[in-house]
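Here's the structure we're looking at; comments come further down.
Per chain, numbering begins at 1; letters A, B, ... match sequence-line order. Nothing here was measured: the structure is a model prediction, and the numbers come from that model. When reading the values below, keep in mind they use all heavy atoms of this one structure, side chains included, and skip hydrogens, waters and symmetry mates.
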Protein chains: 2
Amino acid sequence: MKRDQSTEEKIKAAAKKVFMTKGFDGCSVRDIAKEVGSNVALLNYYFRSKEKLFELIFEGAMSDFLQSMIAVFSSDLTLKEKVEQLIDKEFSFFLEHPELPMFILQSLHQNKTDAPMPSHFLEPIANTGIFEQFEKAKAQGEVRDISIRNVTLLLMSNVHYPFMSKKLTMQFHGITAEDFDEDLKKHKEIVKELITNYLFISNTKA
Amino acid sequence: MKRDQSTEEKIKAAAKKVFMTKGFDGCSVRDIAKEVGSNVALLNYYFRSKEKLFELIFEGAMSDFLQSMIAVFSSDLTLKEKVEQLIDKEFSFFLEHPELPMFILQSLHQNKTDAPMPSHFLEPIANTGIFEQFEKAKAQGEVRDISIRNVTLLLMSNVHYPFMSKKLTMQFHGITAEDFDEDLKKHKEIVKELITNYLFISNTKA
DNA sequence: CCAAAATTTAAACAATTGTTTAATTATTTC
DNA sequence: GAAATAATTAAACAATTGTTTAAATTTTGG
């Protein structure tokens, strides 16, 4: 029977921190144990292996990653408002979890998780009816003729990439982290205007 | 004295392939040796250590990464033409080196290379006069009032990210690699229109 | 309070890591 | 062609890897 709930949670928190910053290959189980302040064997006592622990962390991260979209989509707003809100919400979310995009994409890239994305991640998004709302707006000529997949790629590019490219951008321009954060704010506003201007046909409210 | 130039090159090629796909932490020197078809000791005979070998590969990758920009910038085109050409060229370049953006950003992210970007990477770009051309166009009202850093972030986001997000996007939409490649082509055209429309004030040719 | 169960630990496991050594093979040089 | 040099190899190095074992400690339940 569980004696102390917080031990398992402490390990998960430590694993999340370490995996997120160093990646699966970039850390050892002893790194995580040190972060917890306890023994290596404890990790395998609660979670059966480094891989199992990672999968757990990854799933949680993926969940967070997608969750931030759902609230916006299931609200009662126009499509244009949803796009604007999505950009706002995603930016403030990633400001608090700046390592998330890199962690997700890198883990997928190196097949650290082979399974296809579980439907319990994707169904909630589909269930918001956002796709139907988009197709309807397109049919009514409120929205440019563009596939939802290309809209997604456009949004993700402009929302995820900046948080992955901090080091590159700072080195490229020779600027400080503070400078970069300023650019980030500006970028958000640019992207909002850029994308809504492009997507939505003027003189109608979608 | 060198007996066979191609041995050193074969190791570099193998190291590039392995590092690019698996990352520094994701592979062992024996993985590379196996790819070469020879002994581990040979790697340290030509390059002193795994780290030194990696730094060499990384620098080459970064050089390629930036090189693709320079040709466009130093050409004799209008700013708008340069932006359009840059997007075209970058896309065809990354179609041939799709792992490059992920490799660069991931390596920087995990401080696999600590050194700041050497000036011999950045100076050639500055020497093309692209920055001056941009500021001039801005002063003449041909270009929207936006910083060059934000333009860069915009371009990089839309050009680099798609190649990093292939797995995520495929899983997210449940599509095949062929589907994704189609989306990529479309994305390029969208981005070209999107960005030029946004940057350049209409009824003038920048 | 005491046995049983759950938790935590230290220690050891074999396998793998990057690197080095020393011996072998191939090439160059005169 | 023989001595010298360069290239390549197999083997071993100590350190680190993920995992397991078995003992110690703590908590639980009667």
Report yes if at least one side-chain N or O of T7(B) is closer than 4.0 Å to OP1 or OP2 of dT8(D); otherwise report no.
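Checking T7(B) against dT8(D): at least one side-chain N or O falls below 4.0 Å of OP1 or OP2.
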
According to side chain to side chain contact (heavy atoms under 4.5 Å, CB included), who are the partners of [X], at least two apart in sequence or on a separate chain?
X: E123(A); result: S119(A), N127(A)
X: T169(A); result: S165(A), H173(A), F180(A), L153(B)
X: E135(A); result: K138(A)
X: Q85(B); result: V72(B), L77(B), K89(B)

Quickly work out the [X] [atom1] to [N] [atom2] distance and round it to whole Å.
X: F47(B); N: dT19(C); atom1: CZ; atom2: P; result: 13 Å
X: Y45(A); N: dT27(D); atom1: OH; atom2: C1'; result: 11 Å
X: E8(B); N: dA7(D); atom1: CD; atom2: P; result: 9 Å
X: K22(B); N: dT16(C); atom1: NZ; atom2: C1'; result: 14 Å
X: K52(B); N: dT19(C); atom1: NZ; atom2: P; result: 10 Å
X: Y46(A); N: dT8(C); atom1: OH; atom2: P; result: 4 Å
X: L42(B); N: dT20(C); atom1: CG; atom2: P; result: 15 Å
X: L43(A); N: dT9(C); atom1: CG; atom2: C1'; result: 13 Å

Not counting sequence neighbours, which residues clear ring pair (Phe, Tyr, Trp, His ring centres under 6.0 Å) with [X]? List them please.
X: F134(A); result: none
X: F163(A); result: F91(A), F94(A)
X: F58(B); result: none

Taking distance alone, no hydrogens or angles, what donor-acceptor pairs closer than 3.5 Å link side-chain atoms of residues 32-45 of chain B to residues at least two apart or in another chain?
residue: E35(B); atom: OE2; partner: K17(B); partner atom: NZ; Å: 3.0
residue: N39(B); atom: OD1; partner: A41(B); partner atom: N; Å: 2.8

Over-ring placement of K82(A) relative to F73(A), 6.0 Å and 45° cut-offs:
no

F19(A) and F103(A): aromatic ring centres closer than 6.0 Å?
no

Quick one: bend of the helix from dC1(C)-dG30(D) to dC30(C)-dG1(D) from 5 pairs per end, to 10°?
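One end's axis against the other's: 10°.
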
Holding to side chain to side chain donor-acceptor pair (under 3.5 Å), I want the full list of residues that pass it with K22(A), two or more places apart in sequence or in another chain.
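Side chain to side chain donor-acceptor pair (under 3.5 Å) list for K22(A), sorted by chain: empty.
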
Between residues 24-31 of chain B and DNA chain D, which residues have a heavy-atom gap below 4.0 Å?
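The stretch gives R30(B) as the residues lying under 4.0 Å from the strand, ordered by number.
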
Near DNA chain C, which residues from residues 33-41 of chain A have a heavy atom under 4.0 Å away?
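Contacting residues: S38(A), N39(A), A41(A).
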
